[in-house]
Structure formats: C-alpha cells, structure tokens
Amino acid sequence: MFKGLVGIVTGGASGLGKATVEQLLKQGGRVVICDLPSSPGADVAKQFGNDTAFVPVDVTSEQDIRNALQTTVDKFGRLDVAVNCAGIATASRIYNFKKEQPFDLKSFQKTIEVNLVGTFNVIRLVAGLIGKNAPNADGQRGVIINTASIAAFDGQIGQAAYSASKAGVVGMTLPVARDLAKQGIRVVTIAPGLFRTPMMDQLPEPAIKQLESSVPFPSRLGQPEEYALLVQSIIQNPMINGETIRLDGSLRMQP
Ligand SMILES: NC(=O)C1=CN([C@@H]2O[C@H](COP(=O)(O)OP(=O)(O)OC[C@H]3O[C@@H](n4cnc5c(N)ncnc54)[C@H](O)[C@@H]3O)[C@@H](O)[C@H]2O)C=CC1
Ligand SMILES: C[C@]12CCC(=O)C=C1CC[C@@H]1[C@@H]2C(=O)C[C@@]2(C)[C@H]1CC[C@]2(O)C(=O)C=O
C-alpha cells in the first residue's frame with residue numbers, strides 16, 4: 001500500500017514510534033528511525049532489515065536532524081512522511097509545601113525543550129525536504145504527524161510541564177498546517193490516551209490496572225499497534241489536516 005513511501009519516525013526505537021516503524025514497513029514503506037544514541041535504535045533497525053536505517057539524534061538539535069535528513073536522502077532518495085513520537089514524561093507539583101520547594105525550573109524547561117521545541121525543530125526541518133517532492137494529482141507532497149497527549153486537555157495533578165508541552169504541540173498544529181498548505185504538506189496531531197509502552201511501564205502494575213479501569217471503552221490500555229493504525233489512516237486520508245485527533249477510548253482524565 002505504501003510502496004515507495006519514505007518516512008522518518010522520531011522516538012522510533014520504542015513504544016508508539018517503534019510500532020509505527022513496523023506498520024509503515026509492513027505496508028511496503030522504508031523508514032529512518034531517529035532516536036537518542038543511548039536508545040536501542042541500532043538493534044531495532046537491524047531487526048527490521050534493509051528498508052530501515054537508524055540515525056542517532058536528539059530532536060532538540062538542528063545538526064542531528066539535518067544529519068538524519070541527509071541519511072534519508074542518501075539511503076532512500078526522498079522523504080514523504082515524518083512522525084514525531086520522541087517525548088519524555090515528567091511529573092511534579094507546582095509547589096511542594098512540605099519541603100517548601102517550588103517546581104524545579106530546569107525540569108520544566110527540559111520537558112518543554114524535548115516535547116515541544118523538539119517537535120517544532122523536526123517539523124521546520126523536514127518541511128524543506130518534503131516540499132521538494134513533486135505533488136501528486138491532489139497537490140499533496142507529504143504528511144507530518146505529531147504526538148501530543150490527552151494531558152494537553154485534561155492535565156492531571158503533577159502534569160503542569162507535560163501538559164504545557166503537549167498543549168503547545170496541539171496549539172501549533174493548525175497554524176503550521178496553514179503555513180504548509182500551499183506546499184501541499186498536511187500536518188496532523190494524535191493525542192493518545194493511555195498506551196502500553198515502556199513510558200507507561202514506569203508506573204507500578206496496580207497503578208496501571210487502576211488507570212485501565214478508568215477508560216470507558218475499551219476498558220484497557222491501548223496497544224501501540226492501534227496508534228500505528230491511526231498513523232496509517234492519516235497518511236491514507238488526504239482530507240485530514242490541521243486537526244488533533246484524540247485516541248483514548250473516550251477517557252477524560254480525572255484531576
Ligand atoms: N504511552 C502513552 O500512554 C502515551 C504516550 N504519549 C506520547 O507518545 C510519545 C511516545 O511515547 P511512548 O512510545 O509511550 O514512550 P517511549 O518512552 O516508549 O518512547 C519514547 C522514545 O522517545 C525517545 N526520546 C526521548 N527523548 C528524545 C530526544 N530528545 N531525542 C530523540 N528521541 C528521544 C526515547 O529514547 C524513546 O525511544 C511521547 O511523545 C509521549 O509523550 C502520549 C500519551 C500517552
Ligand atoms: C509521568 C507519569 C506520572 C508519574 C509517574 O510516577 C510515572 C509516570 C510515567 C507514565 C506517565 C505518567 C504521567 O504523567 C501521564 C502519562 C504521561 C504517563 C504515560 C502516559 C500518560 O498517561 C499520558 O501521556 C497521558 O496522557
């Protein structure tokens with residue numbers, strides 16, 4: 001279905017990103033996995049075979065993303081789709097009254113830097129390469145897909161930094177889609193609810209069980225493959241643009 005399609009997936013060594021890489025490959029695409037040098041990205045690429053490459057990147061670095069784009073062109077000749085999955089989860093209350101300690105500013109800045117600035121950095125750089133493609137019959141040159149979170153809308157206690165970073169991703173989706181509309185590049189954001197990934201596995205099992213029971217239907221954590229299926233649908237459907245799509249089993253998170 002995606003024969004000839006070339007994608008980049010940030011955070012592609014783990015969780016939602018890894019499932020996306022697998023789905024794009026299954027559909028006949030070729031994929032560059034971008035993830036931290038400390039990630040298992042090289043092993044993952046080896047496991048997936050010749051239609052993948054791994055480029056160690058920090059999404060906040062301009063030079064790292066430029067290197068990834070150069071590898072994409074050298075190895076696969078073009079870029080059609082970029083999926084932003086790289087992200088970190090942090091949690092802290094705005095003020096700890098027992099310890100008389102305010103939220104650590106460096107931790108807030110780091111969360112914004114990776115989740116928001118990193119996503120923006122990738123979008124602004126991939127747009128130049130996708131824009132070089134010849135348009136299809138519909139005028140489309142490619143698609144950029146971002147990952148926010150339902151925490152962008154229903155931020156819980158302790159999620160000020162995480163929610164702010166993801167709300168930033170939601171907020172820039174429409175203006176960036178408008179910026180790139182003339183070039184025929186679509187921009188869409190997915191806001192996942194609760195998915196079973198290594199990020200979620202940081203939580204103790206009883207906490208995960210409790211979270212699962214809070215999802216109305218289906219009352220379980222999402223599978224990374226279900227996220228990847230939405231990525232596939234977004235790529236296939238040319239009318240989806242400038243929108244954030246919740247993927248959450250109708251969960252609205254409690255305070
Ligand atoms: N798992 C879940 O329930 C949910 C996840 N999300 C978001 O989905 C995205 C993917 O999360 P998961 O797959 O669950 O997490 P994960 O922890 O399994 O994967 C995240 C990947 O991002 C990479 N990464 C982190 N910082 C990076 C950086 N500066 N540069 C490059 N790569 C970096 C990590 O090495 C890791 O491979 C994240 O943005 C997360 O915030 C949103 C809502 C729910
Ligand atoms: C950061 C959290 C909460 C605190 C903790 O002890 C462990 C965590 C790791 C998993 C995170 C937790 C969180 O704040 C909500 C998210 C980020 C969770 C993974 C998915 C998560 O539920 C989310 O993004 C929801 O939208």
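Order of listing sets the numbers, starting from 1, for every ligand and every atom in it.
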Among all the protein's non-hydrogen atoms, which is closest to [atom], and how far away is it?
atom	answer
atom 1 (C) of ligand 2	A89 CB, 3.8 Å
atom 31 (C) of ligand 1	V57 O, 3.4 Å
atom 22 (O) of ligand 2	L194 CD2, 3.2 Å
atom 10 (C) of ligand 2	M199 O, 3.4 Å
atom 20 (C) of ligand 2	M200 CE, 3.7 Å
atom 14 (O) of ligand 2	Q159 NE2, 2.8 Å
atom 4 (C) of ligand 2	A91 CB, 3.6 Å

Looking only at distances, can you tell me whether any N or O atom of [X], backbone or side chain, sits closer than 3.5 Å to an N or O atom of ligand 1?
X	value
S39	no
F195	yes
T197	yes
I88	no
L16	yes
L194	no
S14	yes

With a 4.0 Å cut-off on heavy atoms, is [X] in contact with ligand 1?
X	value
G118	no
A148	yes
K18	no
C34	no
Y162	yes
V114	yes
T60	no

**Prompt:** Purely on distance, is any nitrogen or oxygen of Y162 under 3.5 Å from one on ligand 2?
**Reply:** yes
**Asked** How about R196 and Q223: does a side-chain donor come under 3.5 Å of a side-chain acceptor?
**Response** no
**Request:** Determine, counting only non-hydrogen atoms of the protein, whether one lies under 4.0 angstrom from atom 12 (C) of ligand 2.
**Result:** no
**Prompt:** Using heavy atoms and a threshold below 4.0 Å, how should the contact between L203 and ligand 2 be classified: side chain, backbone, both, or neither?
**Reply:** side chain
**Asked** If you measure from each non-hydrogen atom of F195 to ligand 2, which part falls under 4.0 Å: side chain, backbone, both or neither?
**Response** neither
Atoms in ligand 1 flagged as close to [X], the criterion being non-hydrogen separation under 4.0 Å:
X	result
M200	3 (O)
G15	13 (O), 18 (O)
P198	18 (O)
D58	28 (C), 29 (N), 30 (N)

**Request:** Give the single entry among S92, G155, S149, A161 that approaches atom 25 (C) of ligand 2 most closely by any heavy atom.
**Result:** S149
**Asked** Hey, is CZ on R178 packed in by over 12 heavy atoms from elsewhere, all under 6.0 Å?
**Response** no
**Asked** Quick one: which ligand 2 atoms are inside 4.0 Å of a heavy atom on A151?
**Response** 26 (O)
